[in-house]
Amino acid sequence: MTLRDFLDRIRTSGRLTVIKEKVNAEYEAPMIAKNTSGPVLFENINGYRAIMNVLGSRDELGAMLNVNRSDIIQSLSGIQPDGEIRVVDSSPTKEVCVEEVDLYSLPIMTHFEKDGGPYITAGIVVSEYEGVTNASIHRLMVVGKNKLAGRLVPPRHTYLLQKEAENNGDPLPVSIVLGPHPAIAFASTTRVGEGKEFNYAAALMGNPVELFECDNGIKTPHSEIVMEGYIYPEERTDEGPFVDITGTYDLVRQEPVITVTKIWHRKDPIYHGILPAGPEHLLMMGVPYEPRIYEAVGEVTKVRNVILTEGGCCYLHAIVQIEKQTEGDAKNAIMAAFAAHTSLKHVIVVDEDIDIFDSDDIEFAMATRVKADSDVMIIPGVRGSSLDPRGASDGTTTKMGIDATKVLAEKEKFERATMPKNIN
Ligand SMILES: C/C(=C\C(=O)O)CCOP(=O)(O)O
Ligand SMILES: [Mn+2]
């Protein structure tokens with residue numbers, strides 16, 4: 001299955017918005033995407049087609065995975081990254097080869113007023129060094145006709161591979177994949193073991209993932225557009241500012257430079273852009289951590305569900321639902337959640353009768369089941385997210401866990417009143 005098959009399915013079900021008019025890559029297309037709920041296909045940005053909001057809701061993600069939106073996390077946590085990968089000789093991606101690279105001619109968008117420049121936001125960076133491979137999405141700022149600055153966050157696998165290559169004085173070959181099947185894009189946001197992203201995608205799809213070899217040796221999935229190139233050791237440039245998941249401007253940092261040596265694409269390719277801080281971005285940042293938290297909490301008590309809430313940027317706030325077995329379970333669940341997602345800042349643990357998709361219900365749990373001096377855990381000096389504007393400059397922050405579960409010994413005090421089903 002390809003991105004085109006996926007879009008055909010969305011188009012047939014009436015969920016695709018198509019913009020036929022010519023649209024500008026600078027601000028205009030992102031603004032239209034921001035104001036459109038659901039996938040939007042632009043037919044002409046710099047003469048190219050572009051798609052945004054592909055996996056912009058839990059319903060869309062659930063449809064891709066063939067599960068109900070509220071069962072996504074339980075279902076993902078049961079999937080092993082052991083699907084089949086096949087290396088093949090040819091690829092539809094190689095229909096067109098561009099040797100004279102000019103990134104400014106592509107529909108790469110500038111999203112917000114103070115952004116440092118146009119950014120590739122859905123580019124999967126595939127890399128390999130000394131037999132170890134990786135695929136993950138990194139924001140990539142255009143800094144020249146054939147140059148990109150990549151925000152390689154420590155300790156993500158691309159960061160580690162680049163560091164190792166650089167320490168040995170070697171360039172790191174990479175390919176940048178735009179518009180594969182959405183399951184491959186989703187798999188590239190997950191935190192599966194090193195080199196396992198495509199196996200995970202194959203397991204998600206229930207089909208093998210085919211890879212073809214780029215001229216720099218990187219084995220790459222079929223997609224709409226593939227750029228290939230190298231990260232040369234010691235080459236750094238300013239990256240940012242950039243609006244990331246919090247909707248605030250992330251800092252300018254010195255980051256590695258990717259030199260693009262060649263671009264392959266399908267005829268009439270479809271460029272994929274993710275709107276920063278938009279629903280697709282939040283979902284792809286957050287959902288991969290939910291099964292990790294779910295599994296970690298499952299080691300300490302009976303876990304029912306986990307969500308990283310939209311209000312918490314799908315990254316900084318978790319709601320963990322448990323079936324409390326013994327007093328103190330919720331505090332263990334808090335510690336497990338923080339260990340599973342080190343960027344997490346606040347966790348609220350609730351009982352099984354609280355609807356974790358309803359913020360009023362969560363607030364009700366806090367209102368009726370929390371006594372701050374005994375139910376709030378404050379943990380200072382912990383590694384937090386570099387995206388948290390309130391974090392300290394050394395990368396640490398103060399975390400808070402709230403136990404909003406019932407006191408087991410006093411359960412009847414917390415009973416939610418119901419009315420009789422049958423009255424005469
Ligand atoms: C850009 C970020 C993550 C990524 O590439 O996965 C967000 C910053 O990461 P933190 O680890 O939360 O600082
Ligand atoms: Mn990885």
Side-chain angles (χ1 to χ4, degrees), residues 1-11 16-26 28-30 32-33 39-56 88 90-111 118-126 135 137-140 142 145-146 148 174-186 188 198 201 209-216 218-229 258 260-275 280:
M1 205 190 200
T2 64
L3 175 68
R4 293 181 190 203
D5 300 327
F6 185 84
L7 293 182
D8 283 346
R9 204 173 75 185
I10 293 175
R11 194 195 296 266
L16 185 68
T17 302
V18 180
I19 308 289
K20 291 191 172 299
E21 306 77 54
K22 190 172 189 305
V23 165
N24 208 314
E26 193 176 37
E28 193 182 9
I32 293 172
V40 52
L41 178 70
F42 298 97
E43 293 205 329
N44 184 0
I45 304 180
N46 289 351
Y48 286 89
R49 294 190 288 168
I51 181 84
M52 295 185 83
N53 301 346
V54 178
L55 287 179
V88 295
S90 61
S91 172
T93 313
K94 286 192 161 176
E95 284 172 347
V96 179
C97 176
V98 182
E99 308 259 7
E100 277 294 305
V101 175
D102 180 7
L103 297 170
Y104 294 107
S105 68
L106 294 170
I108 303 174
M109 296 163 207
T110 307
H111 306 87
Y119 264 89
I120 296 176
T121 51
I124 302 165
V125 179
V126 186
I137 295 184
H138 300 284
R139 67 191 204 210
L140 305 166
V142 180
K145 272 177 92 163
N146 65 341
L148 295 161
V174 299
S175 67
I176 298 165
V177 178
L178 286 151
H181 185 277
I184 293 179
F186 177 72
S188 302
F198 298 141
V209 166
E210 290 190 345
L211 304 178
F212 68 96
E213 199 165 315
C214 286
D215 289 355
N216 65 357
I218 296 297
K219 292 178 202 68
T220 302
H222 307 306
S223 60
E224 292 290 323
I225 302 172
V226 166
M227 301 173 181
E228 57 172 274
I258 299 173
V260 180
T261 49
K262 193 176 276 187
I263 299 178
W264 303 97
H265 64 75
R266 294 193 66 175
K267 284 184 193 140
D268 195 15
I270 308 171
Y271 174 86
H272 179 201
I274 294 177
L275 178 70
E280 183 174 23

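By convention here, the first residue in the shown sequence is residue 1.
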task = Assess whether atom CZ of Arg11 is packed by more than 12 heavy atoms of other residues, nucleotides or ligands within 6.0 Å.
result = no
Heavy-atom closest pair, residues Ala201 and Val209 = CB-CG2, 4.0 Å
Under-4.0 Å salt bridge between Glu43 and Lys20 = yes
task = Tell me, with the steps shown, if Arg49 and Asp268 meet side-chain contact (heavy atoms from CB on, under 4.5 Å).
result = CA-CA 7 Å; Arg49 294 190 288 168; Asp268 195 15; 3.3 Å; yes
ask   = After noting the C-alpha distance and the side-chain angles of Glu21 and Asn44, does the key distance pass the side-chain contact (heavy atoms from CB on, under 4.5 Å) rule?
value = CA-CA 7 Å; Glu21 306 77 54; Asn44 184 0; over 6 Å; no
key: Asn53 side-chain N/O to Ala33 backbone N/O, donor-acceptor pair under 3.5 Å   = yes
inquiry  = Looking at every non-hydrogen atom in both residues, tell me the closest pair between Met109 and Pro30 and how far apart they are.
reply    = CB-CG, 4.0 Å
ask   = What is the distance from atom CD1 of Ile176 to atom CD1 of Ile218, rounded to the nearest 0.5 Å?
value = 11.0 Å
ask   = Is Glu280 reaching over with its side chain to a backbone N or O of Gly56, donor-acceptor style, under 3.5 angstrom?
value = no
Polar side-chain atom of Glu228 near backbone of Asn216 as donor-acceptor pair, under 3.5 Å = yes
request  = Look at the side chain of Asn46 and the backbone N and O of Leu106, then say whether any donor-acceptor pair between them is shorter than 3.5 Å.
outcome  = yes
Atom NZ of Lys145 with >12 non-hydrogen neighbours under 6.0 angstrom = no
request  = Starting at OG of Ser175, measure out to CG of Asp215 and round the result to the nearest 0.5 Å.
outcome  = 11.5 Å
task = Please report the shortest heavy-atom distance between Pro269 and Ile225, naming the atom on each side.
result = CB-CG1, 3.8 Å
query = Atom OH of Tyr119 and atom CD1 of Ile274: how far apart are they, to the nearest 0.5 Å?
reply = 14.5 Å
ask   = With Val125, which of Val174, Leu148, Ile120 fulfils side chain to side chain contact (heavy atoms under 4.5 Å, CB included)?
value = Val174
note = Rounded to the nearest 0.5 angstrom, the CZ-CD1 distance for Phe6 and Ile51 is 9.0 Å
message = For the backbone of Glu26 and the side chain of Thr110, can you confirm whether one donor and one acceptor N or O come within less than 3.5 Å of each other?
response = no
Nearest non-hydrogen partners of Val260 and Met227, listed with the distance = CG1-CB, 3.8 Å
key: Residue among Ile124, Thr93, Val226 satisfying side chain to side chain contact (heavy atoms under 4.5 Å, CB included) with Pro180   = Ile124
task = With rounding to the nearest 0.5 Å, note down the distance linking CG in Asp5 to CD1 in Ile10.
result = 11.5 Å
Ala29 versus Ile45, closest heavy-atom pair with distance = CB-CD1, 3.7 Å
request  = Determine the sole option in Val40, Thr17, Leu41 for which the side chain to side chain contact (heavy atoms under 4.5 Å, CB included) test with Met52 is passed.
outcome  = Val40
query = Quick one: CG on Leu178 to CD1 on Ile137, what's the gap to the nearest 0.5 Å?
reply = 9.0 Å
ask   = When you measure from the side chain of Arg266 to the backbone N and O of Glu95, does any donor-acceptor pair fall under 3.5 Å?
value = no
message = Could you go through Ile263 and Leu103, starting from their C-alpha distance and side-chain angles, then the distance that decides it, and tell me whether this counts as side-chain contact (heavy atoms from CB on, under 4.5 Å)?
response = CA-CA 10 Å; Ile263 299 178; Leu103 297 170; 4.3 Å; yes
task = Give the minimum heavy-atom separation between Phe198 and Pro221, together with the two atoms involved.
result = CZ-CD, 3.6 Å
request  = Mind telling me whether Phe212 and His222 have parallel, tilted or perpendicular rings, with 30° and 60° as the class edges?
outcome  = parallel
